[in-house]
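All values below were derived from every heavy atom in this structure, side-chain atoms included, with hydrogens, water molecules and symmetry-related copies excluded.
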Amino acid sequence: IYAKPIYLLLALAGLVLLIACANLANLLLARSSARQREMSLRLAMGASRSRVMRQVLTEAMLLAAIGGAAGFLLGYGGRNFIPSLFDSSWHPSSVNPQMDWPVFAFAFVITLITGLLFGVAPAWRCTRTDVNSGLKESGRMSTSRHKAFLAKGLVVFQVSLSLLLLVGAGLFLRTLMNLRTTTIGFDPEHIFLFDLAPPRSRYPAQQSIALFEHIAEKMGSLPGVQSATLSAEPLLAHSMDRNCFRPTGDPAGSAERDSPWTNQVGATFFETLRIPIAFGRGFTARDNQHAPKVAVVNQQFAKDVFPNVNPIGKTLTSCRLGEISAPIEIVGVSADAKYSSIRERVPPTVYFPYLQSDEAQRMTFELKTAASTPSITAEIREAVRSVDKDLPLLDVRTQTQQIEATLTNERVFATLTTGFGLLALILASIGIYGIMSYTVSRRTNEIGIRMALGARSTPVLSMVLRETLLLALLGVVAGLTAAAALTRLAASMLYNLKPTDPLTFCSAALLLV
């Protein structure tokens with residue numbers, strides 16, 4: 001369950017690292033250009049080129065060290081953030097991050113290498129400066145214009161990577177929204193869940209069924225509980241059971257059709273979860289060991305196994321090898337409801353009354369209640385304790401919490417991509433601001449001359465904004481191209497959404513522009 005989010009985290013961190021490196025390179029290049037006159041003055045006064053290079057490299061390494069120290073403190077303080085995304089109300093995350101010194105050493109070395117690499121170019125430029133031209137204001141302007149191309153190229157690179165991250169964030173956010181708003185076929189509101197697993201040594205076979213029935217009756221009589229039921233497999237919990245059944249007298253079949261998803265449920269299961277019975281009837285307390293075996297199938301099963309035929313009154317027979325079972329009469333057809341996962345289509349499902357099963361080892365109780373969770377939990381514990389004081393409640397949660405737990409990967413994807421997307425947006429904004437601020441400051445004389453000759457502020461402002469917009473548009477075009485190619489790799493992680501969703505692409509592009 002952790003593999004995909006961790007790989008995604010590494011990929012996102014790599015992209016943000018590239019953006020940060022581009023930002024660092026941009027700022028150091030701009031800073032070296034701004035200090036060209038200073039370095040020329042130092043060289044003119046007798047400083048050696050190696051000493052000037054050491055000075056610039058030392059400053060770059062100091063910046064990297066300060067940034068690395070801040071990053072270390074941030075990482076140490078937030079090391080529990082990502083594992084907390086995997087937590088549920090009843091299952092704490094099994095990820096327990098500890099400070100790993102080899103990882104710290106690796107990050108430290110990468111930080112120093114980054115500072116060294118992006119300090120070499122400015123240092124080299126400083127030592128290659130022509131002293132005479134560097135001491136002249138006009139010479140400084142001409143060289144800065146000539147070398148601004150690299151800085152602007154880095155800005156375009158930042159914008160394109162930022163757009164890629166924003167598109168990813170938009171796709172995963174919309175996927176999470178689609179999953180949370182999709183039709184699941186039952187009402188999860190105010191459904192309280194808990195599991196019971198009595199030891200087989202104390203409650204063998206039919207005794208376990210009698211125990212569950214007794215506890216279910218107590219649950220239904222609790223104040224605030226509107227209805228109570230139980231099932232072998234809780235819905236939307238990434239759990240399932242499949243068995244081989246086919247229509248009685250039908251020797252042929254297919255593996256898919258003869259292996260429906262099955263669930264053993266209580267008499268009020270459909271009423272409690274608000275799953276409509278489309279035809280026939282649901283289960284009653286009379287569907288027990290002494291009554292003929294019955295089943296309720298969902299509409300998908302009826303469509304697949306009995307196309308264009310009313311399945312009510314038809315019988316099913318187990319097709320397991322070596323198993324001989326009495327025919328099971330279909331007494332009802334329920335509406336389709338999601339079973340194991342929201343992502344999956346509704347599977348053909350057969351429901352059986354658990355009272356007709358041979359034994360039941362672990363069951364999930366579903367209670368429809370208007371009471372608050374803390375108050376109903378105490379009452380449930382007391383009711384179970386009155387039956388067996390040694391029987392613990394397991395995995396106490398609500399149905400809504402259970403559904404959210406199945407969306408862990410999607411929630412992690414959305415959180416990480418949004419966080420990194422916003423970080424990339426901030427870095428890209430800093431990059432654009434930095435390079436344009438530097439460019440405008442270098443053109444102060446030119447702008448002053450334009451305005452002295454009669455130019456108004458609006459045309460001058462438009463001139464600068466056109467240059468900024470051109471950089472943004474170039475980055476957006478490159479980013480959209482990269483996103484269209486790379487988001488296809490994430491198609492399997494999306495839900496009801498194309499990897500080239502126009503709304504997401506346009507929104508991300510508009511935000512950056």
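For K338, there are no side-chain hydrogen bond (donor to acceptor under 3.5 Å, both in side chains) partners two or more places apart in sequence or in a different chain. Residues that satisfy the side-chain hydrogen bond (donor to acceptor under 3.5 Å, both in side chains) test with E379, not counting sequence neighbours, are absent from this structure. Take Y433 and apply the ring-ring contact (aromatic ring centres under 6.0 Å, His included) test, not counting sequence neighbours, and it matches no residue. Residues that satisfy the side-chain hydrogen bond (donor to acceptor under 3.5 Å, both in side chains) test with N178, not counting sequence neighbours, are absent from this structure. Listed by chain and number, the residues in a side-chain hydrogen bond (donor to acceptor under 3.5 Å, both in side chains) with E271 amount to none (sequence neighbours excluded).
Minimum heavy-atom separation, P347 to N298: O-ND2, 2.8 Å. Closest approach of G224 to T369, counting heavy atoms only: O-OG1, 3.0 Å. When all heavy atoms are compared, the tightest approach of R54 to T58 is O-OG1, 2.6 Å. Scanning both residues, F269 and L230, for their nearest heavy atoms gives CD1-O, 4.2 Å. A414 and L173 get closest at one heavy-atom pair: CB-CD2, 3.9 Å. Taking every heavy atom of both residues into account, L236 and I342 meet most closely at CD2-N, 3.7 Å.
Screening residues 493-503 for side-chain hydrogen bond (donor to acceptor under 3.5 Å, both in side chains), with sequence neighbours left out, gives R174-D501, T182-Y495, D501-T504. Within the structure, every pair that satisfies the side-chain hydrogen bond (donor to acceptor under 3.5 Å, both in side chains) test and touches residues 226-235, not counting sequence neighbours, is listed here: S227-T272, S231-E366, E233-S239. Listed by first then second residue, pairs satisfying salt bridge (Lys or Arg N to Asp or Glu O under 4.0 Å) with a partner in residues 408-435 read R343-E410, E404-R411, not counting sequence neighbours. Counting only residues at least two apart or on different chains, no side-chain hydrogen bond (donor to acceptor under 3.5 Å, both in side chains) pair has a member in residues 412-430. Legend: side-chain hydrogen bond (donor to acceptor under 3.5 Å, both in side chains) pairs involving residues 462-471, not counting sequence neighbours, sorted by first then second residue: K152-E467, R443-E467. Counting only residues at least two apart or in different chains, ring-ring contact (aromatic ring centres under 6.0 Å, His included) contacts with residues 172-194 comprise F172-F413, F194-F365.
Residues R51 and M53 have side chains not in contact (no heavy-atom distance under 4.5 Å, counting atoms from C-beta outward). Counting only heavy atoms from C-beta outward, the side chains of L367 and I380 approach each other to under 4.5 Å. Side chains of L41 and M45 form a contact here, defined as non-hydrogen atoms less than 4.5 Å apart. In this structure the side chain of L62 never reaches within 4.5 angstrom of the side chain of E59, judged on heavy atoms. Residues V513 and L473 are in side-chain contact: their nearest non-hydrogen atoms beyond the backbone lie under 4.5 Å apart.
Atom CZ of F106 is surrounded by 12 or fewer heavy atoms from other residues, nucleotides or ligands within 6.0 Å. The neighbour count for M436 CE, taken as heavy atoms of other residues, nucleotides or ligands under 6.0 Å away, is above 12.
The distance from the OG1 atom of T175 to the CG atom of L494 is 4.0 Å, given to the nearest 0.5 Å. Once rounded to the nearest 0.5 Å, the distance linking CG of N409 with CG of L179 reads 11.0 Å. Between the CD1 atom of I430 and the CD1 atom of I426 there is a distance of 7.0 Å, given to the nearest 0.5 Å. Separating the OG1 atom in T349 from the CG atom in D241 is a distance of 11.0 Å, to the nearest 0.5 Å. Taking CG from L480 and SG from C506, the interatomic distance works out to 8.0 Å, rounded to the nearest 0.5 Å. Between atom CG of residue L15 and atom CG of residue L486 there is a gap of 8.5 Å, rounded to the nearest 0.5 Å.
Listed for the T268 side chain is a donor-acceptor partner under 3.5 Å among the backbone atoms of A228. Remark: side-chain polar atoms of S437 are not paired, donor with acceptor, to backbone N or O of G434 under 3.5 angstrom. The backbone N or O of F270 sits nowhere less than 3.5 Å from a side-chain atom of R274 that would complete a donor-acceptor pair. No donor-acceptor distance shorter than 3.5 angstrom exists from the side chain of R397 to the backbone of Q402, with no hydrogens or angles considered.
Tested against L235 for a side chain to side chain contact (heavy atoms under 4.5 Å, CB included), the candidates L193, I184, L273 yield a single pass: L273. Of the candidates I191, T364, D395, T364 is the only one forming a side chain to side chain contact (heavy atoms under 4.5 Å, CB included) with P234.
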Extract all donor-acceptor atom pairs below 3.5 Å that involve side chains of residues 162-170 and protein atoms in other chains or at least two apart in sequence.
residue, atom, partner, partner atom, Å
S162, OG, Q158, O, 2.8
S162, OG, A424, O, 3.1

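Look at D336 and R345 and you find no salt bridge, because none of the NZ, NE, NH1 or NH2 atoms lies under 4.0 Å from a carboxylate O.
Between the side chains of S50 and S48, at least one donor N or O sits under 3.5 Å from an acceptor N or O.
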